[in-house]
Amino acid sequence: MSAQLPPNGTELEAKGISLDLQIPERAVRGHVEIDGYKLATITIEPVGEHVGTALLVPGYTSSADTFNGLLQPLSERGYKVVTFSQRGQCLSEGPDDTAGYELPRLGQDIHEVIQKLGLGTDVHLLGHSFGGVVSIEAILQDHSPFASLTMWNSGPRNMGGDLLEQRAGLIEHGPRAYFVGNQLATGNDPEADLKGELNVIEQYYYDRLMSTNPAQLEAGINILIDQVDRTLELSRTGIPVLVSHGANDDAWPIEMQRVMAEQLGADYWVIANAGHSAHADRTHASAQLLATFWDEH
C-alpha cells in the first residue's frame, strides 16, 4: 500500500483552511525593503543537505501565500524556497501611481529580492501566471543569477479573452469589479460581500483582492494586455526552461504554452486533473515535478 500523501491545497480549502493558514510551521515570514516599500517574504530552509534555492513569484491578484502548500515538500527535497508578494500585492506595500509598477521595475524587484536575501547566483526562478511575465523580464535584464526558469501556468503573449473588459470594469468600479464579475460568472450573488454571506475561503480571496493596491491591479492588467512574445530573446539566454500547466488551465491557451515550450526546447509537463493553480489542485505532484526538474539543472 502506498503512503498517505498530504492533502492538496484545494482539499484543505474545502475544510475551511485558507492559504494563509496552510503555511508550514518551519516557514518564516519576513520582508525586504525596496524603494522604501516593504515587500512580504516567506522562506523555508531545506531539510538536510542544501540541494538548491528557488524563488517563486505569484500571479495577478495573488500573494506570497499562494505557494504555501509547496514549501514543505520542496524543502524535504533539499530546497531552500523563498516566495514574496510583489509590490502592491496583498501583504506588500507599493506606490499609489501605476508608473511605479512598470514591467522593468517589477523585474528589477526580483533581482533586488535575490540580492537582499543573499540567495546567490544559482536561483531556480518560478513565475506563476502574471509572475511568469515578470520572471521573463527579470531574466532578460540579467540572467546570471538564475539556474533555471519555470513558466508555471503562464504564457508568452497576450492571452486574449476579456482583458479589455476587465480593465474597463476595474477603472470604472475599482477592485471590487473583479469580485462582482467572478460572482456573476459562477452564478453566485454579486452582493454576497455586502450582505456578509461569504464563507471563510471566499472571504480570504475577497480580502486578498481588496487589500491589493488598485494602482498595481491597473498596471498589472495593462502589462497583460500589452504582453508581447519574447520567446526568441529568452531562448538566446541559454537558461534551462520548464513550461508546465494544469491540463485544465483556463488562462493562456494551452496550445500557446505548448508552442512556447517547443520553441524554447524546454521541458513541457502537463499536470492532469489540475487547473490554472496546479500547485493547489495537485500540490504533492507539483512539488515533486518541480524538484525533479531543478535536480537536473
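In this chain, numbering begins with 1 at the start of the sequence shown. Computation of the quantities below employed the complete heavy-atom set of this structure, encompassing side-chain atoms and omitting hydrogens, waters and symmetry-equivalent molecules. Nothing here was measured: the structure is a model prediction, and the numbers come from that model.
- Residues Leu170 and Ala177 share a closest heavy-atom pair of N-CB, 4.2 Å.
- Side-chain contact check for Asn8 and Thr10: no donor-acceptor pair (N or O, by modelled atom type) lies under 3.5 Å.
- One distance of note links OG of Ser63 with CG of Leu91; it measures 5.0 Å at 0.5 Å rounding.
- Annotation: side chain of Ile221 is in contact with side chain of Tyr60 (closest heavy-atom distance under 4.5 Å).
- Hydrophobic clustering (ILVMFWY, side-chain heavy atoms < 4.5 Å, transitive): Val243 and Val259 are in distinct clusters.
- Contact of the Ser244 side chain with the Trp152 side chain is registered, since non-hydrogen atoms from C-beta on lie closer than 4.5 Å.
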* Worked verdict on Leu55 versus Ile114 for side chain to side chain contact (heavy atoms under 4.5 Å, CB included) -> CA-CA 8 Å; Leu55 177 63; Ile114 290 171; 3.8 Å; yes
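- To the nearest 0.5 angstrom, Met210 atom CE is 9.5 Å from Leu217 atom CG.
- Evaluation of the side chain to side chain donor-acceptor pair (under 3.5 Å) rule for Thr121 yields no partner, not counting sequence neighbours.
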* Decide yes or no on side chain to side chain contact (heavy atoms under 4.5 Å, CB included) for Leu12 and Leu21, but give the supporting numbers first. => CA-CA 10 Å; Leu12 292 174; Leu21 300 180; over 6 Å; no
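- In this structure, the separation between CD1 on Ile34 and CG on Asp109 is 4.5 Å, given to the nearest 0.5 Å.
- You'll find the side chain of Leu126 stays beyond 4.5 Å of the side chain of Met151, heavy atoms only.
- Ser148 and His297 are not linked by any side-chain donor-acceptor pair at a separation below 3.5 angstrom, with hydrogens and angles left out of the test.
- Counting only distance, with no hydrogens or angles, the side chain of Thr237 and the backbone of Leu234 share a donor-acceptor pair below 3.5 Å.
- Between Asn153 and Gly246, the shortest heavy-atom contact is OD1-N, 2.9 Å.
- A salt bridge links Glu262 to Arg258: at least one charged side-chain nitrogen sits closer than 4.0 Å to a carboxylate oxygen.
- Judged by distance alone, with hydrogens and angles left aside, the side-chain atoms of Ser85 form a donor-acceptor pair with the main-chain N or O of Cys90 at under 3.5 Å.
- Linking ILVMFWY side-chain heavy atoms closer than 4.5 Å, directly or via other members, places Tyr178 and Tyr101 in a single hydrophobic cluster.
- Relative ring orientation between His279 and His128 is described as perpendicular, the plane-to-plane angle rising above 60° on a 0-90° scale split at 30° and 60°.
- The local environment of NZ in Lys195 is crowded, with over 12 non-hydrogen atoms from other residues, nucleotides or ligands closer than 6.0 Å.
- For the 3.5 Å distance criterion, the side chains of Arg167 and Asn222 qualify, holding a donor opposite an acceptor.
- Here ring pair (Phe, Tyr, Trp, His ring centres under 6.0 Å) pairs that include residues 201-251, with residues two or more places apart or in two chains, are Phe179-Tyr206, His245-Tyr268.
- Remark: the backbone N or O of Gly155 is paired with a side-chain donor or acceptor of Gln227 at under 3.5 angstrom.
- Counted by atom type alone, Gln183 and Asp189 present zero donor-acceptor pairs between their side chains at under 3.5 Å.
- No donor-acceptor distance shorter than 3.5 angstrom exists from the side chain of Asp97 to the backbone of Gly100, with no hydrogens or angles considered.
- Note on Ile42: it does not cluster hydrophobically with Ile110, by side-chain heavy-atom contacts below 4.5 Å among ILVMFWY residues.
- Between His111 and Pro145 the shortest side-chain heavy-atom distance falls below 4.5 Å.
- Within the 3.5 Å criterion, the main-chain N or O of Asn68 finds no donor-acceptor partner in the side chain of Gln22.
- The aromatic rings of Phe293 and Trp269 sit perpendicular to each other, their planes meeting at more than 60°, with 30° as the lower class boundary.
- Panel note: side chain Gln108, backbone Ala138; no donor-acceptor pair is recorded below 3.5 Å.
- Between the side chains of Asp207 and Gln203, at least one donor-acceptor pair of N or O atoms lies under 3.5 Å.
- Proximity of Leu242 to Leu290: side-chain heavy atoms (C-beta onward) are separated by under 4.5 Å at one or more points.
- Applying the salt bridge (Lys or Arg N to Asp or Glu O under 4.0 Å) rule to pairs touching residues 30-50 yields Asp35-Arg87, Asp35-Arg105, Glu45-Lys80, sequence neighbours excluded.
- Looking at Arg208 and Asp20, no side-chain N of the basic residue comes within less than 4.0 Å of a carboxylate O on the acidic one, giving no salt bridge.
- Test Asp65, Thr43, Thr41 against Arg29 for side-chain hydrogen bond (donor to acceptor under 3.5 Å, both in side chains) and you get one pass: Asp65.
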* Evaluate the criterion side chain to side chain contact (heavy atoms under 4.5 Å, CB included) for residue pair Glu11 and Thr283; output intermediate values, then yes/no. => CA-CA 10 Å; Glu11 293 171 332; Thr283 305; over 6 Å; no
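- Rounding to the nearest 0.5 angstrom, the gap separating the CG atom in Asn273 from the CG atom in Asn248 is 7.0 Å.
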* Verdict with supporting geometry, His124 and Tyr79, side chain to side chain contact (heavy atoms under 4.5 Å, CB included) -> CA-CA 10 Å; His124 295 285; Tyr79 285 92; 4.0 Å; yes
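- Minimum interatomic distance between Pro95 and Tyr37 (heavy atoms only, all atoms of both residues): CB-OH, 3.3 Å.
- A continuous path of hydrophobic side-chain contacts links Trp252 to Leu149 [ILVMFWY only; heavy atoms under 4.5 Å].
- Separating the CZ atom in Arg282 from the CD1 atom in Ile271 is a distance of 7.5 Å, to the nearest 0.5 Å.
- When atom types are taken as modelled, the side chain of Thr83 and the backbone of Leu56 share a donor-acceptor pair closer than 3.5 angstrom.
- Side chain of Glu218 to backbone of Ala215: no donor-acceptor contact under 3.5 angstrom is found.
- In this structure, CD on Gln216 lies 8.0 Å from CD1 on Ile223, to the nearest 0.5 angstrom.
- Both Leu164 and Met159 belong to a single network of hydrophobic side chains, linked directly or stepwise wherever heavy atoms of I, L, V, M, F, W or Y lie under 4.5 Å apart.
- With contacts defined as side-chain heavy-atom distances shorter than 4.5 Å, the pair Gln86/Leu39 does not qualify.
- Put simply, the side chain of Asp249 reaches to within 4.5 Å of the side chain of Gln257, judged on heavy atoms.
- Across all non-hydrogen atoms, the minimal contact from Ala247 to Ala272 is CB-CA, 4.1 Å.
- By the 4.5 Å heavy-atom criterion applied to side chains, Asp96 and Asn213 are counted as neighbours.
- Smallest separation of non-hydrogen atoms from Arg157 and Asp229: NH1-OD2, 3.4 Å.
- For the pair Ser75 (side chain) and Gln72 (backbone), a donor-acceptor distance under 3.5 Å is present.
- For Arg236 and Glu233, the salt-bridge test fails: no basic side-chain N is under 4.0 Å from an acidic carboxylate O.
- Listed for the Thr66 side chain is no donor-acceptor partner under 3.5 Å among the backbone atoms of Ser62.
- A pairwise comparison of heavy atoms in Ser154 and Ser129 identifies OG-O, 2.7 Å as the closest pair.
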